[in-house]
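It should be emphasised that the depicted structure is a prediction, and the values quoted were computed from it without experimental measurement. Chain identifiers are assigned alphabetically (A, B, ...) following the order of the sequence lines, protein sequences preceding nucleic acid strands; residue numbering begins at 1 within each chain.
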Amino acid sequence: MVRLSSILCRSRFARQQKQAFQRKGVYYVRNSPSLSQGILQESGANVADPRPEINPPPPEWIPPAEMLDDFRINFPPPQDHRKKDKSIWHLSSRISLTEGIDQACLLTKTQRFNGLPPQIERLVDKYSLTNQDEKIKDVIRHAMTWNNTNKKLPRRIDFERPGYVFTREYGIPNYKSICIMLENYIRLSQSFGGAYPELTASRRLVCKPSIETSYEYQNETIEIRALNDYIVNDRRPLNPLGNDQMIAESVNHELLDMYPVSPTVDLLRTDIYEDLNRGAFKEMLRIPCSHPQIVFRINSGRGREANQAFNLMTTFGIAITEARSRYGIGMGKLEVPVTIINMNISFNRINYIVFQLNTMDFDNDEGIKNLAWFDSELMFRKHPCKQWLEADNKIKPAVYNDYNKKAFSKFLALYLYDYVN
Amino acid sequence: MIRRGSNLRKYVQLVSQSCVRNNQHLASVADNSDDAHYPKIKPKYPPGKWGNMDPRHAWMWGREWEQIAKCRTYQEKINFLTEHIHKVWVYNSIETTPNLLPYKGGVTKTTVKEVRSLEADDGNLSAWPSVYNSVNVEQEFERMKQLTIEVLEQVENMNHDYLKRRELKQMHNIPGNCVIYLDYKMSRVLISSLLTNILGNLGGRHEHILNSHYDENSTVAAFWNKDGVENFKMFKKVSPAYLRKQSATFFGEQAVDFHIRKDKPLPEFASLTDDVCCKLTYDKSMLDYYPGVLGQFYDHKQKKISQGYTIGDPCKFTHLNVIFPNNKAMNLVSRYGEDCRLDAETGYLLSTGFLTTLSQAHALGFNQYEEITYPFTTQTILTDGQNFTLSAYQLNTTQMWKDDEANELQNVLWKTKSMKLFEKYENGKVVGFNDELFTMLLKFLLIEPSDRNGIDLSPNIDSYPEKQEIDDVKFDVFVEKPIIYESV
C-alpha cells in the first residue's frame with residue numbers, strides 16, 4: 001500500500017510542457033519583410049543583421065597534414081614489396097609426418113637401424129654412479145612430487161570411465177617435470193668429469209640454441225627450424241660409428257617409395273626472402289667449442305613415431321650446418337662423416353637417435369645413404385588415482401612403479417661415448 | 001518444600017565440598033602445612049622472558065604455545081598455524097614506494113651491513129663473514145674461469161632471434177619500450193648456462209654439489225608477527241575473550257628464480273653471542289607509522305608457508321638463491337633516482353633472504369612460538385648477467401612479536417655493492433674479467449654445508465613422511481613343465 005504524500009499528489013505538467021514547446025517553443029526568424037523594416041528602408045537607413053556577430057558560426061575543421069596512428073584501429077600490415085626469392089617447404093614443430101620415421105628417412109636419404117650401435121651397447125651398464133638407482137629414483141621423485149609448483153593442470157580424461165568428471169587438480173605440469181628430469185640427468189652424467197677430466201675440460205653445454213637451415217632435396221628447398229633445449233659442444237667432433245663397409249653397403253638399401261604421394265606432402269609451403277643457414281652460433285669457427293655432439297630435446301605431446309621423425313629432421317639440420325662449416329657448400333660424399341647424438345624425452349620415455357651424415361647429395365634416392373640408429377626406453381610408469389573408486393571421492397597421490405634402470409644406463413653410455421674406453 | 005532434582009543435587013554438592021574442605025583443613029592442621037588453605041595464584045607472566053608485554057597478551061601467546069608444542073609432525077603444526085583466514089599486511093619483495101628500506105628492515109628485525117670489500121674479518125663489524133676465508137678455490141679457479149669466459153662468449157654469439165620474435169608478438173600493441181622483458185630473458189639464459197656448466201663440472205669432485213637439488217621459479221612464502229607496529233583499527237565491539245594483539249601480522253610471498261638446496265645447513269656466519277647479533281642496531285624509525293601511511297596494503301588471506309619444496313625432500317636447507325633485477329617493479333622504482341634503485345635492490349635481497357630462511361625454519365619444526373635453536377643462513381645473488389650483488393643472510397630469531405627487552409637478538413644481512421663480472425664484449429670476446437668477484441662466486445658455490453656440531457636440526461618434529469616407493473620393473477618369466485610322453 002502506497003502512503004499518500006504531497007509529492008504523489010502533485011500535478012504533472014512535463015509532457016504538456018514538452019508538447020507546447022514543440023508546437024510553440026521554436027521561433028523561426030524568417031527574412032520576411034516587416035513594416036518597420038520597410039519604413040527604415042524608405043528612410044535610407046542601413047539594416048544590418050546582428051546575429052552573425054552575436055553567435056558567429058564555428059570555423060570549418062581542416063584535418064591536419066600529418067595524422068598520428070590511432071592504436072585503437074587495426075591497421076592492415078604494410079605490404080611487403082621485397083622481391084620474393086622463392087617458395088619453399090617448411091618444417092617446424094607443429095608438423096607431423098604421416099609415414100613417421102620412414103618418411104623422415106626418405107627426406108634425409110637415411111638407412112634406418114633399430115637398436116643402438118654395437119660400440120655404444122658395449123658401454124651400457126659398464127659405467128655407473130654410486131647408488132645410481134636410488135639417485136635416479138630421487139630425480140623422479142623430485143620431478144613428480146617434491147617440486148612445489150602449484151599450477152592448474154588440464155582436466156583429466158580416463159578411458160576406463162569415459163563420462164567421469166574429475167575434480168580440478170593443481171600440481172606440477174608435465175613440461176616442468178620433464179625439464180627437471182633432463183637437467184638432473186645431464187648433471188649426473190657431467191659428474192663423470194671427476195674420473196675422466198677430458199669430459200669437462202672442453203665440453204660445453206649450451207642452453208636453448210636454435211637451428212634455422214635449409215637444403216636442396218630433389219630440386220626443392222626444405223627449410224628446417226627448431227628450438228632445442230640443450231646442445232653439448234666440444235672442440236672436436238664425435239668419431240663416426242658406421243665404418244666404410246657399412247657406408248658402401250648402404251648403396252643397396254632401398255628407401256620408402258611413397259609414389260604417387262610426394263614426400264613433402266606434410267610440409268608447409270612458404271615464401272622466403274633469403275636463404276637461411278644459421279646454426280646455433282653466428283660464426284661457428286670463431287668460437288672454440290663449436291662442434292655439436294649431443295642434442296637434448298623435450299617433446300611435445302605426440303606419439304613416439306612422430307617425435308622420433310621430427311627429432312631426426314632437426315638432428316639432420318644440425319649435421320648439415322656442421323658439414324657446411326667444415327667442407328663448404330656443394331659437397332657430395334663427406335671425407336669424415338658427421339656424427340650427432342639426439343636424446344629426446346617425453347613424459348616417461350627417452351628416445352635415442354644416433355645419426356651419421358655421410359653425403360650431402362640429395363638429388364636422387366640412389367648412391368650412399370646416411371645412417372641412423374633408433375632406440376627407446378620407458379623410464380617408469382605413473383598410475384593416477386581412480387577417483388570414482390575412492391570412498392570419499394577425493395583425489396589421492398599417484399603411484400609410480402616399473403622403474404627401468406636401463407633408461408639412464410643408455411643415456412650415460414651415449415654421453416660417455418668417445419671419451420671413455 | 002524442597003524440589004527434588006537440581007536443588008537437591010546442589011545441596012548435596014555444597015555439603016560434600018564443605019566436608020572435603022573441612023577434611024583438608026583438618027589434614028593440614030595435622031600436618032602444619034599452609035598450601036591446602038589457598039588455591040594456586042596465577043603468576044603475572046607464563047614461564048619465559050616477556051619484557052613489557054601486557055600480561056593478558058602474554059598468557060594468550062603462552063596458551064597457543066602449549067597447544068602447538070603438542071603437535072609433533074610438520075603437517076599438524078602447519079595446520080594449526082594456517083587454520084584461519086586473517087587480516088595481514090602484505091610485505092612486498094620490491095617496494096615501488098621509495099625510501100622504505102628502514103621499514104623493511106624494521107619489520108623483519110634485520111640490520112643491514114654494507115660491506116666495502118670482500119676481504120674477511122679484521123675485527124670490523126661491517127666486514128664480510130669470515131667463514132669464506134676457509135673455502136679454498138685455488139684448484140678450481142683457472143679451469144672454472146676459462147669455462148665461464150667461454151660460456152659467456154658462446155651465449156653472446158648465439159642466435160637469440162627466437163627471443164626477440166616472441167617479444168614482439170607479445171608487446172606489439174603496447175606503445176613504449178619493452179626492453180625490460182627481453183633483458184630478463186637474456187639474463188636468464190646466460191645465468192642458466194653458467195650454472196648448468198659450472199655445477200656439472202664441480203659435481204664430479206664435490207659430493208655435496210652433486211647431491212644438491214636445483215629448482216627454477218620456486219615460491220617461498222611465510223608470515224610473522226612484529227611487535228611495535230600499529231595494528232588494524234577495530235571499529236566493532238569485541239568480547240573480553242578476544243584481545244587485540246599488540247603485534248601486527250605480515251605476510252610475504254616471492255618467486256626465487258634459481259634455488260639450490262642441500263641436505264645440511266650452511267655454517268653460521270656469526271655466533272649468537274657476537275655483537276652483530278646481540279646489539280640491537282636495526283632501524284626502528286619507521287615502525288611508529290601506521291603501515292597504511294607508508295603505502296602498504298592489507299588483505300584477508302589464509303596464512304601460507306611455502307619453502308620452495310614439498311615435505312619429503314631430503315634437501316631442506318637453502319644454499320643459494322639467484323634473483324634478477326630486470327622486472328617491472330624495479331623499473332618503476334628506478335625512475336625515482338639511483339639511490340632509490342639501490343635501496344630497492346637491498347630490500348629485494350633482504351626479503352629474499354628473510355623469506356627463504358623463515359620458511360625453511362617452519363619446515364624444520366620452528367615457528368614464532370617455538371624459537372629456533374641455531375641460526376639459519378643463506379646466500380643470495382642479485383644479477384642481470386653482467387652486474388652482480390652478493391649477499392649473505394642470517395636468521396637469528398623468529399619471535400619478533402616480543403619486544404626488544406624480551407628478545408635481544410636481531411637478524412643480519414651482509415651485502416656488497418654492485419660489481420661487474422666483465423667490462424664488455426669486443427668482437428665477440430670478453431674484455432675485463434673480474435677475478436676477485438669470480439673468486440667470491442666460486443666460494444659461494446663451493447662452501448660446504450656443516451652439521452652444526454651434531455645438534456638436532458629438527459628437535460620439535462618426531463618424524464617426517466617417508467619417501468614414496470618406486471618399485472622396479474617386473475618381468476614375467478614363464479617356466480614350462482617338461483612334457484612326459486607315456487610309452488605305448
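Interface remark: A/Ala398 contributes backbone atoms only to the contact with chain B (heavy atom separation under 4.5 Å). For A/Ile140, the part sitting under 4.5 Å from any heavy atom of chain B is the side chain, from C-beta outward, and nothing else. Proximity to chain A is absent for every atom of B/Leu190, based on heavy atoms less than 4.5 angstrom apart. Within the 4.5 angstrom heavy-atom criterion, atoms from both the backbone and the side chain of A/Thr145 approach chain B. When heavy atoms are compared at a cutoff of 4.5 Å, A/Asp133 does not approach chain B at all.
Ranked by heavy-atom pairs under 4.5 Å with chain A, the first of B/Asp472, B/Asp215, B/Leu202 is B/Asp472. Top candidate by heavy-atom pairs under 4.5 Å with chain B, chosen from A/Lys176, A/Lys135, A/Lys137, A/Arg381, is A/Lys137. Of the listed residues B/Ala255, B/Ser306, B/Gly308, B/Cys315, the one with more heavy-atom pairs under 4.5 angstrom with chain A than any other is B/Gly308.
For the side chain to side chain donor-acceptor pair (under 3.5 Å) test with B/Arg143, the passing option among B/Glu140, B/Gln146, B/Gln139 is B/Glu140; the others fail. Test B/Arg261, B/Gln307, B/Lys262, B/Gln360 against B/Thr318 for side chain to side chain donor-acceptor pair (under 3.5 Å) and you get one pass: B/Gln360.
Listed for the A/Asn147 side chain is no donor-acceptor partner under 3.5 Å among the backbone atoms of A/Ala143.
Between A/Phe347 and A/Phe380, the ring planes lie perpendicular to each other; the angle is over 60°, past the 30° to 60° tilted range.
A/Arg141 forms no cation-pi arrangement with A/Tyr400, by the criterion of a distance under 6.0 Å to the ring centre and an angle within 45° of the ring axis. A cation-pi arrangement is found for B/Arg188 relative to B/Phe258, the charged atom lying closer than 6.0 Å to the ring centre and inside a 45° cone about the ring normal.
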